[in-house]
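Working notes for the structure below.
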Amino acid sequence: MTTDNCYIVNFKEYKNLDYAQVADDVLKFWQENKVFEKSVEIREGNPTFTFYEGPPSANGTPGIHHVMARAIKDIFCRYQTLKGKQVKRKGGWDTHGLPVELQVEKELGITKDDIGKKISVEEYNKKCRETVMKFTDQWNDLTEKMGYWVDLDDPYITYENNYIESVWHLLKTLYDKGLLYKGYTIQPYSPAAGTGLSSHELNQPGTYKDVKDTSLTAQFKVKLTGKSGFLFDAADSDNIYILAWTTTPWTLPANTALTVGKNIDYVLVKTLNPYTYLPVNVVLAKDLAGKYFNEKGKDGDFAAYNDGDKIIPWKVVMEFKGNFLESIEYEQLMPYVQPESAAFRVITGDFVTTEDGTGVVHTSPTFGADDFRVAQQNGIPSIMVKDEAGKDVPIVDRRGRFVAEITDFAHEFVKEAYLTEEEKEIEREKQGRDKYLSVDERIAIKLKTENKAFNVQRFDHPYPHCWRTDKPVLYYPLDSWFIRTTAAKDKLIALNNTINWKPESTGTGRFGNWLENLVDWNLSRSRYWGTPLPIWRSEDNEEVCIGSLAELENAIKHALKDDVLTEEQRAANEKFLGLLLAGTEDLHRPFVDEVYFVSASGKVMTRETDLIDVWFDSGAMPYAQWHYPFENHEIFEKAYPADFISEGVDQTRGWFFTLHAISSLVSDSVAFKNVVSTGLVLDKNGNKMSKRLGNAVNPFDTLKKYGADPTRWYMITNAQPWDNLKFDQAGITEVRNKFFGTLTNTYNFFALYANLDEYKINEFERVPYASLTELDRWILSKLQTLVKEVDESYENYEPTKAGRAIQDFVCDHLSNWYVRLGRRRFWKGEMTEDKKAAYETLQQCLVAVAQLMSPIAPFYGDWLYRNMTEHIREEAKEKGTPLQHESVHLTDYHPYEVEYVDEDLETSMDLAQRICSLVHSLRKTNKIKVRQPLSKILIPILSETTREQIRHVVELIKTEVNIKAVEYLDDASGVLSKKVKPNFKALGPKFGKDMKAVAAVITEMSAEQLKALEEKGGLEINGYQLSLEDVEIQTEDLPGYLTASDAGITVALDINITPELKQEGIARDFVNRVQNFRKDSGFEVTDKISIRLLDSDEEVSAGVLAFKDYISQEVQALSLEIVPEIAEGQEVEFEELTLTVKIEVV
RNA sequence: GGGCUUGUAGCUCAGGUGGUUAGAGCGCUACACUGAUAAUGUAGAGGUCCGUGGUUCGAGUCCACGCAGGCCCA
C-alpha cells in the first residue's frame, strides 16, 4: 500500500493480494458491525423471502461438499436481500437417528443387544445427546469462514422438547385425520426367537447359509378374458398356464398375483406336462426356456410321444413382451383361503429378473417385501385369516406354523428346521411314511398330481438365518405405524406440479415417479434415540394419541385419579408429572415409556414402544422450528411455505419428500416453492470422496489456502449446481488468477491513477452521457446487459450462468478491451472532462461488478465495494446518496437502465474487435510489429450499414492496430469480387428435398446473376425463385493486397512502409526502451527526466529527432538531445543495434 | 433389475426452436507485447461430438436400442 506520498489516497492500492486475508478482514468487519443482522433489519416491513435450512447432523465433521451446498443456499438469500426482500435464515441441527446410535455404540464398544443389559436406555440416550453436538464448533467455524450467512444464535434442535412437542402435534393432526394407522410391513422375522430382525442384524457375517430347499415351478391356469385371448388364439387350446418358480412352496397358498417384467421377452410354448403328460401351453421368459426344455425335443412330434418318454416335444407358439401379460387373470392355485377382494392377476414389477426361475415371480404379499410393495401399488389383496380376537393375521402364525384354515397342513411348521428330531418322528408316524416329508415336499407332490406343477427340484442357495437361534428366518408381516400417504397421492402429485425444481427432471422424474409409485410411509423404528411415537394403547386396542404437553399432563392426571394402575405405575406417573410441571422432563425413552394412562373403559394404556422415522423430524421443521402452533403464530405464517430450499439430490426421497408429505397432509400446501437439488462433489478424477480412501478434501485447508471467494467462485462457475463437480484445486488457482487477478488488477489500475489525480467520486455531477466516448458508452451498454442477465440468472436459480457472465464481462470486456484501449486516457495530462468520464465509467463498472458478484463471492465483493466507496461514504451518508452503505450486502440491486443500452454500438464494437484481430493476424504473418505504424487498411463494404457501424469505432481501430487510415471499398470501386453461399436455414423450409440442387445453383451463380439478384432483390434460376435472404454474400480476397477474413468481414492491409512511417516506428520503439528503462530503474510515474542519446546510427538519430516532441511527451522528458559523446551511459538493445543513452531524473 | 442423470479437444466446460466450417478457458508449441505484469496479444497442434440404427434435403442437436460413469431405489 502506498502511504508515504504527498497526495490524498482515496483508493487503497494492493500488491500480492491474499484472498484468504481479504476474507478474514471482511469477516471481522461483518462481525464488528453486525452486517448480517443489519442486512435483515433494514428490510423490516418489506416482502419476505423464506429460506428453510436443511439441518445437518453435527455428529460428523463437515466436508468440502458442504461448502458447495451452503454456497448455493447463501447465494440466493444474499441476492434476494439485494432485491429488497427480508430474508431470515434460521439454522438447525438434526440430532436423532441411526448414525448417532452407531457412533455411540462404536465409542462404547457395545451392540444394540447390550442396550438395557450392559447399559441402561437412560445412559445410552444421555450419551447420544452428548455425541450428537460433538462437532458443532467445527460447523460454526466453517459457516463463518466460508461466508455463509445463517442465524446460528437461535437454531432449532430436533431433540429439544419444544421441537418434539410440535412434532407430536403434527402426528396428532394426522391421527385425527385418520392418516396415522397401525399396519404391517414385511420384515425378516425369526419364528424361533419370536422377534423381528433389523437389516443391520441380517448383515452380520454368517447369517447367510447354503441350504437345500425344494424348488417348485407351478402352473397357474390362465382364464379366458379379453386380455388373455391372444394366448388362447395362438395356442388354439384352453390349456394355457403361466409358469412361476419358488424356493418356498409353503407360500403358495398365500399367492394372490404373478409379477412379470414389462420389458422382458416371454414365449408361449406348446408342450406336455412332465408328470401328467397332459398337453399344456406354458408362458415363461424366453431367456429361461432353455432351462426347462431339452433341445432335442424342439419342434418334436407330439403324435409320436408315449407317456414316460424322456424327450418331451415342445414348440414355441409365439413371443411377446411382458406388458402383454399385464392384467391377465388366472385360477387360484391352492384355494384354501379366499382373499377379500379381486386378486389372481398378472402385474408388472421392476424387480423381476431372468436370472433364475421363469421370469415370472409368484407373489404372496404376506411373505415377501417386494411382493407386498408391488401388491399394494396394484391394489392386490393379501390372503389373511381372522384370529380369535378377530384380527387379520397371515396363514402362518408367529411360531412358523400354518393356521387351521390350511386344512391339509394345519398347525404344521412351514420349515423343517423348526422341528426337533422328536417332533419329526411324531409327524412321520402321522404321515405314515418311512421318512418325514416337509411341508414343501408334500405341497410339491400334491401339485404334481393335480397337474399344477411343471418342475420340482432340490435347489441349493444361500438363505438368511437368525444369528441367535441359527434357524432360517421368514419374511413375515410385522406391526408398524404408517402415515397413509397413499390416501393423498393425487394431492401430493398436484402440489408437486406447482413446485419449481432445479433441475426440472428431478421434480418430474425422480420425485414425480416416486410419488406415482407411492406407498404408505412406514414411520416405526424399533430404536432408542429418537422422537417417541406419542401413542398409548390398551390390551383392547383402545388408543390415544398425544398432541401436546398439556394433553400429556391431563392424561397423566386423569390416570392418577383412577385406581387401575399398580403402585409402581402410579409412582412412575407421579415422578414424570412432577418433572413435567417443573419443566425439566425428558420426552425421550425410557422416561415416556414409564407413563401410563387409563382408558375410558378403565384399562391400563402403555406407550407403543416405537420411535418415529428421523425423517419426520426434519420434514416437520417448517412448524417445529418455531414451536408452532404453541408459539410464534405470526412468524410461522410469514415464513410458510418456503420460497427456496436446497439440498443434495440424494435428499429427493428424504428431506424433500418428508417436507412435501407433511406439508401436503397437514396444511394442504407445498412446503417450498423453489428447490435446487445439488449434485455430488467428487475428487478431481471423478471418484467419490471418502475419508477412508484419503481423497477427501479438507474444507478448512482449502479456504485457508485459496480464500473463500475463489473457492466459491470456482465451485459455482465450473459446473451447474445439479451436475456433479469434479473438485480440482488447480481449478481454484485458475479462477483466482484469471478472474480475481484480472479484477484486482483492474481495480489497482484504477486506484493508481485515481490517486495520482486525486479523483473523487461525485455521485451527481457526472460527465453527461452525450459527452462520453464511444468506448465509455459501449462498456456502459455492456454493463446494463450484464445487470439484466445476472438478475435473470439469479432469479431463475442459475448461479452458474450469473457467475460466468460476470467473469466474461470483467475479463473480456472491461479489462481486455475497455481498460486496455483506454489506458492513455488515464495516464495522460491533467484532469479533463474526457479523463473524468473515463474514471466515472470505470468506477461505475467496478462498483456494479462488486455488487453483482457479491452473492457468490461475498467477502471479495464487499472488499471491492468498500475500497471503491470508502472515501465518499461519510459524505454520502450525510446526503443520503446511493453510496452511503457500509457494505455491498446492504445495497439495493443495480437497476436495469435500458436507456444506456446501445445495441448498434455493441455491434460496431464487435466489428472493431474482429477487424483488429484480423489486422493483428496480418501483421503477425508479415512480421510487422504493432509499434510500426502502417498507412492504411482496406475494408470491403457490402452495405451502408456496415460502413456506418465501422465509422463509429474507426478511431479505436486505428489506435489499437497502429494504422493511419481506414478505407472502404464498395461496389463502385470495381475491385470487389464476391462469393455467394447458400443460407440453408432460409432455404430449408422453401425448397426441402430440392436443397442439394438449389445449393449447387447458388454456389455456381455467375457474377452477373449475383448482381441481378442484389439489384432486384430476387432472381429465378433453373426454376428456383431466390431472394436476397436465401444467400450469404461475402467478399473474396482483394487482388494485390494481403487479406484476412472472418465471418463475413475481410480486411486488407497495406504493408508499404514509407520513410516517415519507418521514422515513427523508430520513435515508438525508442519510447518503449525509455519506458522500460524508467520502470527498471524504479523511477516514480511522476518523475520528469532528461535524455541524451549517443549519435551512433543515422536512421535512429533521424527518427528520434523527427519525433522529438512526441517522444518527450510520452516519456515525460524535459529535454532530449543527440550528442556525440556520453560519459557513463547505459547500453540499450535496439533492433540489431546497441544504443548508448543517459537518462536522468531532473 | 428399475427411475433419474452425465458422456463434445489432454483437462474443465459452452453449444435456444435441426442448417452444412462444432466453440471457450486451462495445458502444450511458436512468435509478439511489456507504465494493468502472479498479466496480455497472435498463430498453431489437438475432435469417430460414447456406439449402432432410424427420421430428415440436412443430426452434436430429434427418435429407438445399446455401452460406460454417477445418484437414488430394489
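All chains are named by letter (A, B, ...) in the order of the sequence lines, taking the proteins before the strands, and each is independently numbered beginning at 1.
Whole-Å rounding puts the A:Q377 CD to B:C73 C1' distance at 11 Å. Residue A:F739 contributes atom CZ, which lies 23 Å from atom P of B:U12 at whole-angstrom precision. Taking atom CG on A:N724 and atom C1' on B:C72, their separation rounds to 12 Å, with Å as the unit. In this structure, the CG atom of A:D812 is 10 Å from the P atom of B:C26, given to the nearest Å. At whole-Å resolution of the value, CZ in A:R653 and P in B:G3 are 11 Å apart. A:K801 places its NZ atom 17 Å from the P atom of B:C13, with the value rounded to the nearest Å. Atom C1' of nucleotide B:C13 and atom CD of A:Q807 are separated by 11 Å, given to the nearest angstrom. At whole-Å resolution of the value, OH in A:Y818 and P in B:U40 are 20 Å apart.
Residue contacts shown for A:N748 are absent, as no nucleic acid heavy atom lies under 4.0 Å away. Residue A:T652 is classed as having no contact, given no heavy-atom separation below 4.0 Å to the nucleic acid. Using a 4.0 Å heavy-atom distance criterion, A:Y753 is classed as a sugar-phosphate-only contact. Residue-level contact check: A:Q932 touches neither bases nor backbone, having no heavy atom under 4.0 Å from any strand. Residue contacts shown for A:D808 are absent, as no nucleic acid heavy atom lies under 4.0 Å away. A:R823 comes within contact range of at least one nucleobase, with a heavy-atom separation under 4.0 Å. If you check every strand for non-hydrogen atoms under 4.0 Å, A:S815 touches a base.
Comparing B:U6 with B:U42, their P atoms are spaced 34 Å from each other, to the whole Å. Separating the C1' atom of B:U29 from that of B:G10 is a span of 14 Å, rounded to the nearest Å. B:U61 sits 12 Å from B:U52 when the P atoms are compared, rounded to a whole Å. The separation of B:G25 from B:U40, taken at their P atoms, amounts to 10 Å, rounded to a whole angstrom. Only the C1' atoms considered, B:G18 is 31 Å distant from B:C26, to the nearest whole Å. The same atom, C1', is picked in B:A9 and in B:G60; the two are 14 Å apart, to the nearest Å. Comparing the C1' positions of B:G47 and B:A24 gives a spacing of 15 Å, expressed to the nearest Å. B:U8 and B:G70 are spaced 15 Å apart, taking the P atom of each and rounding to whole Å.
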- [ ] Verify side chain to side chain donor-acceptor pair (under 3.5 Å) between A:N962 and A:Q932, making sure each step is shown before the conclusion.
- [x] CA-CA 7 Å; A:N962 198 14; A:Q932 175 60 56; over 6 Å; no

- [ ] Output, in order, the C-alpha distance, side-chain angles, deciding distance and verdict of ring pair (Phe, Tyr, Trp, His ring centres under 6.0 Å) for A:F656 and A:W514.
- [x] CA-CA 12 Å; A:F656 295 155; A:W514 165 249; over 10 Å; no

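Across all strands shown, B:U48 has no partner, as no Watson-Crick or G-U wobble contact with both distances under 3.5 Å is found. Base-pair partner of B:A36: not found among the strands shown (Watson-Crick or G-U wobble, both distances under 3.5 Å). Base pairing annotation: B:G1 forms a Watson-Crick or G-U wobble pair with B:C73, both donor-acceptor distances under 3.5 Å. Summarising the base pairing, B:U42 is matched to B:A30 through a Watson-Crick or G-U wobble pair whose two defining distances lie under 3.5 Å. For B:A68, the paired nucleotide is B:U6, the pair qualifying as Watson-Crick or G-U wobble because both relevant distances are below 3.5 Å. If you check B:A24 for Watson-Crick or wobble pairing at under 3.5 angstrom, you find it paired to B:U12.
Using a 3.5 Å distance cut-off with no hydrogens or angles, the side chains of A:T259 and A:T363 do pair a donor with an acceptor. In summary, the side chains of A:Q187 and A:Y475 do not present any donor paired with an acceptor at a separation below 3.5 Å, with no hydrogens or angles considered. Residues A:T744 and A:Y860 have side chains that bring a donor and an acceptor to within less than 3.5 angstrom of each other. Judged by distance alone, the side chains of A:N718 and A:W713 never bring a donor and an acceptor atom under 3.5 Å apart. A donor-acceptor contact under 3.5 angstrom links the side chains of A:D613 and A:W521, judged on distance only.
Residue A:L680 places its side chain closer to B:C71 than to any other of B:C71, B:U40, B:U12. In the set B:C4, B:A74, B:U6, the nucleotide with an atom closest to the side chain of A:D370 is B:A74. Side-chain proximity of A:N816 to the nucleotides B:G41, B:C13, B:U5 is greatest for B:G41. Considering only the side chain of A:N513, B:G3 comes nearest among B:G3, B:A36, B:A14.
Below the 3.5 angstrom threshold, one finds no donor paired with an acceptor across the side chain of A:T742 and the base of B:A39. Counting distance only, with no hydrogens placed and no angle test, the side-chain atoms of A:R510 and the base atoms of B:C71 include a donor-acceptor pair under 3.5 Å.
Shown for residues 729-737 of chain A: residues whose heavy atoms fall under 4.0 angstrom of RNA chain B, namely A:E734, A:N737.
Comment: A:D683 does not engage A:K726 in a salt bridge, judged by the lack of any side-chain N to carboxylate O separation of less than 4.0 angstrom. Using a 4.0 Å cut-off between charged side-chain N and carboxylate O, A:K801 and A:E789 make no salt bridge.
Residues meeting the side chain to side chain donor-acceptor pair (under 3.5 Å) test with A:Q843, sequence neighbours left out: A:R766.
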